[in-house]
Amino acid sequence: MAVETIRTACPLDCWDCCGMIAHVEDGKLIKVEGDPDHPITQGSLCIKGRKLVDRLYHEERVLSPLKKVDGEWVQISWEQAFREIAGQMREAKEQYGPTSVLHHYDYGSSGLLKNLEGRFFNLFGGFTDTIGSICWGAGLEAQKYDFGYGKSHDPEDLAEHTDVIVVWGRNVSVTNMHMMPFLKRAMNRGAELVIVDPLMTDLSGKAVKQLQPRPGTDGALVLGMAAHLLEQGLVDRMFVEEHAVGFEAFSDYVRTWTVEQAAEITDVPAEDIRWLAERYGSGKAVATLLGLGLQRYANGGNTIRLIDALGAMSGQVGRSGGGVHYANQVHRFDYHAMMKPDARTDYRAFTKITQADEILAVQGTERPVQVLFVTRANPVAQLPETGKTLAAYESIPCKVVIDMFLHDTGMIADYFLPCTTVFEEEDIMYSSMWHSYLAYVNRVVEPQGETRPDWMILQGLAEELGFGEAFGRDDVHAWMDEAMAPLQEAGITREQLQQDGFLKAHEEPVAWADYQFGTPSGKYEFASSVAEANGASPFPIFEEPVESPRRDRELARKYPYHLLTIHPRRSLNSQYFHVLKMPERPVVEISAFVAEETGLADGDLVRVYNERGEVLGNVKIVSGQHKRTIKIEEGWWGNRGTALNTLTSNRRSDLGIGSAQYDCLVNLAKV
Ligand SMILES: Nc1nc2c(c(=O)[nH]1)N[C@H]1C(S)=C(S)[C@@H](COP(=O)(O)OP(=O)(O)OC[C@H]3O[C@@H](n4cnc5c(=O)[nH]c(N)nc54)[C@H](O)[C@@H]3O)O[C@H]1N2
Ligand SMILES: Nc1nc2c(c(=O)[nH]1)N[C@H]1C(S)=C(S)[C@@H](COP(=O)(O)OP(=O)(O)OC[C@H]3O[C@@H](n4cnc5c(=O)[nH]c(N)nc54)[C@H](O)[C@@H]3O)O[C@H]1N2
Ligand code: SF4
Ligand SMILES: [Mo]
């Protein structure tokens, strides 16, 4: 039989949102390739994209609904699952109100239709939501204060017009690999690459310079640079006077800083601080590519605000080749239409990061949590303080997980409902992290076993609960059309998207080129009234991270090393640890300095620990990184031996209800 090719898109929570071509033979998916016509993907996929096929046909994939009976999984019918779960929900609602049902979700799939979860719980009458984002919450809020929202330049603008690319805490070749061709084009034109990262990355060797701040001190680095720019008169006066507010207040604060002070705090030599400041202030076009790692600290929101301010005061905002690239929130979907928030009568918000504490605090009160729904997420593995998450979830009598695999969270469920993969459903993918292409997901193969798309599972439950009609539609296109209404006004239709496979949803090569900002003043806000109203400092400030040798000497004496649990090269968070051959234990990358201090050698079995927990790993001594900083890739499964997030804290970031998982000190001991 002939091989059929079908256009679809990668659903993974990634900067790149790749277009894919699926090859189907005899109803079976044989492989996926990068869509060669897609301007970003350009024909290539990363290993995670290619291995989506292995997730589809994986032997451990759950293919029918499961119920836990006396600690054992038993297969049940969808009808039984819907009847029993709806029964539990109804009972909980009658006794304690709708907020006794809690929903935790994350970005396990970036599909537009996944937002129908909100519709389901709102039509139920309300629920306890988990808000904020352990991924990028602090930075989003920061850019909201400064610009109105996050917007990035078109990758073409970087490739064609940037003179200096500053990769600031983004692991480009690992997490954002389709940026590489654009960087290469810029560098072939003569653009300089600078890296600001405590760890070495694949790009380190290509950079003219890498600055390696002590983790969590980038804000102080910026203040040293800003002090130098002020002193040298290298400020873009036109921008700060005409297109910004609050520069006076911010510069008064900057004047309390010196380069030497910044050098002492950050471990970055003073001459490097001056050198990078002069790159920004020299009239060259400097594009700053922010990553998400550097905002996973107790001071993370202010760090992003300070880097924004550096870009703004040096005239890099609204300028071709410049920009402070973090998010790209330009897709105008009508989520409200999809989610129907007006339908609910009650609502309670916990936060994603601190939900364990909040759940435990309400159990036994009049408004407890009785039913847990987890969708598109693996919180037991990915939330900090694993022990707390487990204890909190343990206290909930009925736990429902919708997923494909029995991961750490699936294992503790009472009901496990198996959903389809991206290849067995229709959807629209969009990434608001980088570029502005939407992509259409066509169904490529029939659903395996009894699996169903998330919306169909929720539809079944809604029918059982008596609001099936309000939830339902004849077909998914009607939902898509409703959510796409604002885009349709701009001439972007679902039909067109479906036909072409991908479409650019937003045409603006240079972000903020018109200087019409989304802030209350309409200008760039060095001092933000929204920040002030939210109880934050109007202008960004530097405070030490919480787990820092300068803030807490005692803690640092016990736990002298910074642990960065960064994103894994071969997995998307926890999603590939059962699909790919992974080592038994994580690799713990340490510097020669740490090796010397601890007496550890390559390959040693090591215990990484702090007051919260411990994990075992194998030492690898690497050269070049900030000397007290340790790297372990995240995503490990506790039920396969490594609960990495037992080490991280559930402290919130300063802004945006984000995570401070990189604000983490540990010690090491040879086992
Ligand atoms: N291969 C792969 N790709 C992915 C993912 C994955 O799991 N695997 N996950 C996706 C998701 S969910 C996300 S959120 C993105 C994340 O994409 P990135 O932001 O690129 O990744 P992170 O691993 O969060 O951190 C990136 C870098 O931040 C640096 N860093 C940490 N602390 C600091 C600091 O204080 N200062 C500075 N200057 N740098 C610091 C780390 O050393 C690391 O090199 O990637 C997406 N893409
Ligand atoms: N220590 C440490 N912890 C971290 C991070 C870190 O850097 N260090 N990074 C944080 C970040 S940036 C993020 S984004 C979070 C990620 O946290 P999570 O989103 O909880 O983690 P994932 O491992 O991506 O799990 C997503 C799950 O969604 C499932 N899934 C995929 N598609 C669908 C679908 O269509 N429907 C349903 N129902 N399920 C689906 C997958 O099978 C997978 O089990 O982790 C955070 N945790
Ligand atoms: S994970 Fe990211 S880079 Fe890899 S195929 Fe998917 S969208 Fe592309
Ligand atoms: Mo993320």
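Note that ligands are numbered from 1 as they come in the structure, with each ligand's atoms numbered from 1 the same way. Remember, predicted model here, so these are calculated numbers, not experimental data.
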query: What is the number of protein N, O or S atoms that sit under 2.8 Å away from atom 2 (Fe) of ligand 3?
result: 1
query: Is Val172 in polar range of ligand 1, meaning some N or O pair under 3.5 Å apart?
result: no
query: Is Trp136 in contact with ligand 1, taking contact as a heavy-atom separation below 4.0 Å?
result: no
message: If the cut-off is 4.0 Å to any non-hydrogen atom of Cys135, which atoms of ligand 1 fall inside it?
response: 14 (S)
field: Ionic contact status for Lys48 with Asp54, cut-off 4.0 Å
entry: no
field: Carboxylate-amine/guanidinium proximity below 4.0 Å for Glu117 and Arg376
entry: yes
message: Could you tell me, atom by atom, which parts of ligand 1 come under 4.0 Å of a heavy atom of Arg569?
response: 1 (N)
field: Which residue and heavy atom of the protein sit nearest atom 6 (C) of ligand 1, plus the separation
entry: Ser571 O, 3.4 Å
query: How about Phe333 and Tyr430: are their ring centroids closer than 6.0 Å?
result: yes
query: Looking at Trp15, is Arg170 sitting on its ring face, NZ or CZ under 6.0 Å from the six-membered ring centre and within 45 degrees of the normal?
result: yes
query: What part of Asp218, side chain from CB on, backbone N/CA/C/O, both or neither, has a heavy atom under 4.0 Å from ligand 1?
result: side chain
Which of the ligand 1 atoms, numbered from 1, are nearer than 4.0 Å to a heavy atom of Asn573: 6 (C), 7 (O), 12 (S)
- request: Using a strict cut-off of less than 4.0 Å between a Lys/Arg side-chain nitrogen and an Asp/Glu carboxylate oxygen, indicate whether Glu156 and Arg185 qualify as a salt bridge.
  value: yes
message: Among residues at least two apart in sequence or on other chains, which ones pass salt bridge (Lys or Arg N to Asp or Glu O under 4.0 Å) with Glu141?
response: Lys144
Rounded distance (nearest 0.5 Å) linking atom CD of Gln329 with atom CZ of Phe147: 11.5 Å
message: Quick check with a 6.0 Å cut-off and a 45 degree axis cone: is Arg296 positioned over the face of Tyr662's six-membered ring?
response: yes
message: With heavy-atom distances below 4.0 Å as the criterion, list the atoms of ligand 1 near Trp168.
response: 38 (N)
task: Give a yes or no answer on whether the side chain of Asn610 reaches the backbone of Leu665 with a donor-acceptor pair at less than 3.5 Å.
output: yes
message: So for ligand 1, is Leu294 a polar contact partner (N or O within less than 3.5 Å, distance only)?
response: no
- request: Using a strict 4.0 Å threshold on nitrogen-to-oxygen distance, state whether Glu192 and Lys209 make a salt bridge.
  value: no
Geometric cation-pi criterion Lys151 and Tyr326, 6.0 Å radius, 45° cone: no
- request: For ligand 1, indicate whether the residue Leu564 contacts it via side chain, backbone, both or neither (heavy-atom separation under 4.0 Å).
  value: side chain
- prompt: Which of the numbered atoms in ligand 1 are below 4.0 angstrom from a heavy atom of Arg170?
  reply: 20 (O)
query: Can you list the atoms of ligand 1 that are under 4.0 Å from a heavy atom of Gly291?
result: 19 (O)
task: Could you tell me if the ring centre of His506 sits under 6.0 Å from that of His331?
output: no
field: Test of proximity, Val174 against ligand 1: N or O pairs below 3.5 Å
entry: yes
- prompt: Looking only at N/O atoms, are Arg214 and ligand 1 under 3.5 Å apart anywhere?
  reply: no
- prompt: How does Lys48 reach ligand 1, if at all, at less than 4.0 Å between non-hydrogen atoms: by side chain, backbone, both, or neither?
  reply: side chain
- prompt: With a cut-off of under 6.0 Å to the ring centre and 45° to the axis, is Arg55 in cation-pi contact with Tyr576?
  reply: yes
query: Is Met433 in polar range of ligand 1, meaning some N or O pair under 3.5 Å apart?
result: no
Distance filter under 4.0 Å to Arg296 heavy atoms, resulting ligand 1 atoms: 14 (S), 24 (O)
- request: Would you kindly specify which portion of Tyr107 sits under 4.0 Å from ligand 1, judged on non-hydrogen atoms: side chain, backbone, both or neither?
  value: neither
task: Looking only at protein heavy atoms, identify the closest one to atom 45 (O) of ligand 1 and say how far it is in Å.
output: Thr175 CB, 3.3 Å
